Amino acid sequence: MGNEVSRQVQNLRDRKNRNGCNFPGYDYHVQDRKNWMSTLAPERLHVNQIVWPGTHNSATEYVGDPIITRPYGRCQRLSIYQQLVIGVRVLDIRVQKDRLVCHDILKGYNVDVVINDVKRFLSETHSEIIILEISTEYGQEDPSDFDRYLEAELGEFLIHQDDNVFNKTVAELLPKRIICIWKPRNSPEPRQGGPLWSSCYLKGDWTNTDLPETKFESNMQHLSNQPPVTSRIFFYKVENTVTAQATTVNFLFSTLWVEQLNVRIQPFARLFIKECISRGFGDRLQIFSSDFIEEDFVDACIGLTNARIEGQL
């Protein structure tokens with residue numbers, strides 16, 4: 001398997017060196033990532049034009065034991081607030097019955113920390129829209145009355161479910177700021193027209209592999225099957241990540257750290273955008289997310305968004 005990983009990484013490097021990573025907006029750099037939607041002009045920026053930079057397993061910087069288990073479950077170094085400040089606009093939060101954030105069996109802090117970070121960011125900005133995806137982790141039970149909790153904590157900011165949102169500008173959504181998608185395991189889904197959005201409004205296709213070129217091509221194939229962003233009424237997420245594979249019975253301690261794994265695919269995010277466009281799928285990319293988010297990843301998403309506004313695609 002090690003030889004196959006090396007071969008696939010080298011293939012992606014060769015493609016990057018041969019074809020480059022230039023795409024419309026590749027060289028655009030916003031001066032203020034914290035307020036990048038404001039910079040792009042909310043009255044011109046439509047929801048379906050945005051390439052939303054997101055994080056995978058966003059609230060995992062403190063999951064598990066810091067020495068023993070955290071390296072195997074942590075997918076981000078930054079806090080939720082720090083992610084938002086550098087430009088992230090889609091958060092992937094996993095919870096369990098006791099309202100602790102988690103990744104698989106590893107527990108973190110209370111979800112109140114996430115909510116408070118989000119509210120702090122919103123209090124410091126004026127025109128930034130956030131997609132907040134909160135789901136009950138696989139194998140866990142839903143927190144009781146969690147929909148009521150979200151409505152009570154975030155109600156003043158919540159953009160109610162409405163299929164027309166996708167064609168609206170950011171300015172038309174303000175002063176509301178959050179599209180909150182609640183994905184319970186067993187509890188009822190949010191109702192149509194309510195303050196929370198159901199799981200059908202955020203879709204994605206997960207390929208469980210630690211092979212970077214395999215994941216790259218799988219993401220591309222799934223994306224190619226989607227309609228253009230201007231003709232769909234749901235968000236579609238592409239995750240630029242790879243996943244540890246079990247090699248022994250003791251999965252947790254037999255795999256590489258998450259951060260070690262993801263250096264296999266992280267350097268090729270801009271290549272993915274470039275090839276999306278060159279293969280004719282540039283009008284389908286919408287949410288693009290990463291482990292261990294970095295500013296260059298955010299800049300690539302903002303740059304492509306600006307190119308859409310300017311009619312360069």
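The shown structure was predicted, so the numbers you read here are calculated from the model rather than taken from an experiment.
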Under-4.0 Å salt bridge between E217 and R15 = yes

Pair D162-K168, side chain to side chain contact (heavy atoms under 4.5 Å, CB included): steps then yes or no = CA-CA 10 Å; D162 178 0; K168 291 184 177 181; 3.9 Å; yes

ask   = V63 and T60: side chain to side chain contact (heavy atoms under 4.5 Å, CB included), yes or no, with the steps?
value = CA-CA 5 Å; V63 294; T60 55; 4.0 Å; yes

request  = Measure from the side-chain N and O atoms of Q266 to the backbone N and O of F292, and report whether any donor-acceptor pair falls under 3.5 Å.
outcome  = yes

task = Measure across R270 and D296 and return the closest heavy-atom pair with its distance rounded to 0.1 Å.
result = NE-OD2, 3.0 Å

ask   = Taking everything shown except Y109 itself, do over 12 heavy atoms lie less than 6.0 Å from its OH?
value = yes

message = Checking D112 against Y149 for the side chain to side chain donor-acceptor pair (under 3.5 Å) test, could you report, in this order, the C-alpha distance in whole Å, the side-chain angles of both residues, the deciding distance, and whether it holds?
response = CA-CA 10 Å; D112 286 344; Y149 164 81; 2.4 Å; yes

inquiry  = For Q49 versus T305, what's the shortest heavy-atom pair and its separation?
reply    = O-CG2, 3.9 Å

task = Please report the C-alpha distance between E124 and Y81 in whole Å, then the side-chain angles of each, then the deciding distance to 0.1 Å, and finally whether the side chain to side chain donor-acceptor pair (under 3.5 Å) criterion is met.
result = CA-CA 11 Å; E124 296 173 357; Y81 175 75; 2.5 Å; yes

query = Are side-chain N/O atoms of N35 and D32 paired as donor and acceptor at under 3.5 Å?
reply = yes

task = Could you tell me whether E189 and K183 have a side-chain N and a carboxylate O separated by less than 4.0 Å?
result = no

query = Pick one: which of F235, Y236, W52, F297 meets ring pair (Phe, Tyr, Trp, His ring centres under 6.0 Å) with F288?
reply = F297

ask   = Around E43, counting heavy atoms of other residues, nucleotides and ligands shown, do more than 12 lie under 6.0 Å from its CD?
value = yes

request  = I would like to know whether H56 and W206 meet ring-ring contact (aromatic ring centres under 6.0 Å, His included); could you show each step before the answer?
outcome  = CA-CA 12 Å; H56 170 245; W206 180 255; 5.6 Å; yes

N/O donor-acceptor pair under 3.5 Å between K237 side chain and G54 backbone = no

key: Minimum heavy-atom distance between R264 and P212, given as atom pair plus value   = O-CB, 3.4 Å

inquiry  = Quick check against the 3.5 Å criterion: does Q82 have a side-chain atom that pairs as donor or acceptor with the backbone of S79?
reply    = yes

query = Is the shortest distance from a Lys or Arg side-chain nitrogen in R33 or E295 to a carboxylate oxygen in the other one below 4.0 Å?
reply = yes

task = Decide if atom CD of E141 counts as having more than 12 heavy atoms of other residues, nucleotides or ligands within a radius under 6.0 Å.
result = no

task = Evaluate the criterion side chain to side chain donor-acceptor pair (under 3.5 Å) for residue pair S58 and Q76; output intermediate values, then yes/no.
result = CA-CA 6 Å; S58 307; Q76 306 296 332; 5.6 Å; no

request  = Decide, yes or no, whether a salt bridge links E239 with K215 under the criterion of side-chain N to carboxylate O below 4.0 Å.
outcome  = no

ask   = Between L202, I50, V238, V51, which is the residue that forms a side chain to side chain contact (heavy atoms under 4.5 Å, CB included) with I287?
value = L202

ask   = Any ion pair linking E310 and R308 (charged N to carboxylate O, less than 4.0 Å)?
value = no

inquiry  = So that I can tick it off, tell me whether E4 and R7 are bridged by a salt bridge, with the cut-off set at under 4.0 angstrom between side-chain N and carboxylate O.
reply    = yes

ask   = Which heavy-atom pair separates S127 from S38 by the least distance, and what is that distance?
value = CB-OG, 3.2 Å

key: Exceeds 12 heavy-atom contacts within 6.0 angstrom, atom NZ of K97   = no

ask   = Around H160, counting heavy atoms of other residues, nucleotides and ligands shown, do more than 12 lie under 6.0 Å from its NE2?
value = yes

inquiry  = If you apply the rule side chain to side chain contact (heavy atoms under 4.5 Å, CB included), what do you find for I134 with V114, and how did you get there?
reply    = CA-CA 10 Å; I134 305 187; V114 173; 5.8 Å; no

ask   = How far does CG of D299 sit from CG of N306, to the nearest 0.5 angstrom?
value = 11.5 Å

query = I277 versus L313: any side-chain heavy-atom pair under 4.5 Å?
reply = yes

key: Minimum-distance pair of heavy atoms, taken over all atoms of T136 and P184   = OG1-CA, 3.9 Å

ask   = Between E275 and F272, is there a donor-acceptor pair closer than 3.5 Å when you use the side chain of the first and the backbone of the second?
value = no

inquiry  = Could you go through E61 and R70, starting from their C-alpha distance and side-chain angles, then the distance that decides it, and tell me whether this counts as salt bridge (Lys or Arg N to Asp or Glu O under 4.0 Å)?
reply    = CA-CA 8 Å; E61 74 273 30; R70 185 170 299 162; over 6 Å; no

ask   = Does a salt bridge link E128 with R177, judged by any charged N lying under 4.0 Å from a carboxylate O?
value = no

key: Distance-only side-chain donor-acceptor flag, D142 / S187, under 3.5 Å   = yes

ask   = Within a strict 4.5 Å, meaning less than it, do heavy atoms of the T243 and L261 side chains meet?
value = no

task = Step by step, work out the side chain to side chain donor-acceptor pair (under 3.5 Å) result for D92 and N57.
result = CA-CA 5 Å; D92 163 24; N57 267 309; 4.9 Å; no

I159, L158, L91 screened by side chain to side chain contact (heavy atoms under 4.5 Å, CB included) with C180, the one that passes = L158

Between R191 and S198, a side-chain donor and acceptor under 3.5 Å = no

inquiry  = Can you confirm if the NZ or CZ of R232 lies within 45° of the ring axis of F234 and under 6.0 Å from the centre of its six-membered ring?
reply    = yes

ask   = Among side-chain atoms of Q245 and N208, is any donor-acceptor pair under 3.5 angstrom?
value = yes

task = List in chain and number order the residues that pass side chain to side chain donor-acceptor pair (under 3.5 Å) with Y201, two or more places apart in sequence or in another chain; answer none if no residue qualifies.
result = Q161, D163, Q192

ask   = If you take all heavy atoms of V258 and G73, which pair is closest and at what distance?
value = CG2-N, 4.2 Å

task = Step by step, work out the side chain to side chain contact (heavy atoms under 4.5 Å, CB included) result for K203 and Q226.
result = CA-CA 10 Å; K203 302 180 182 181; Q226 302 305 313; 5.8 Å; no

task = Give, for atom CZ of F281 and atom SG of C276, the distance between the pair rounded to the nearest 0.5 Å.
result = 8.0 Å

key: Pairing of E156 and K176 as salt bridge, 4.0 angstrom limit   = no

ask   = Does a donor on one side chain sit under 3.5 Å from an acceptor on the other, for Q83 and T55?
value = yes

query = Within a radius of less than 6.0 Å around NZ of K107, do more than 12 heavy atoms belonging to other residues, nucleotides or ligands occur?
reply = no

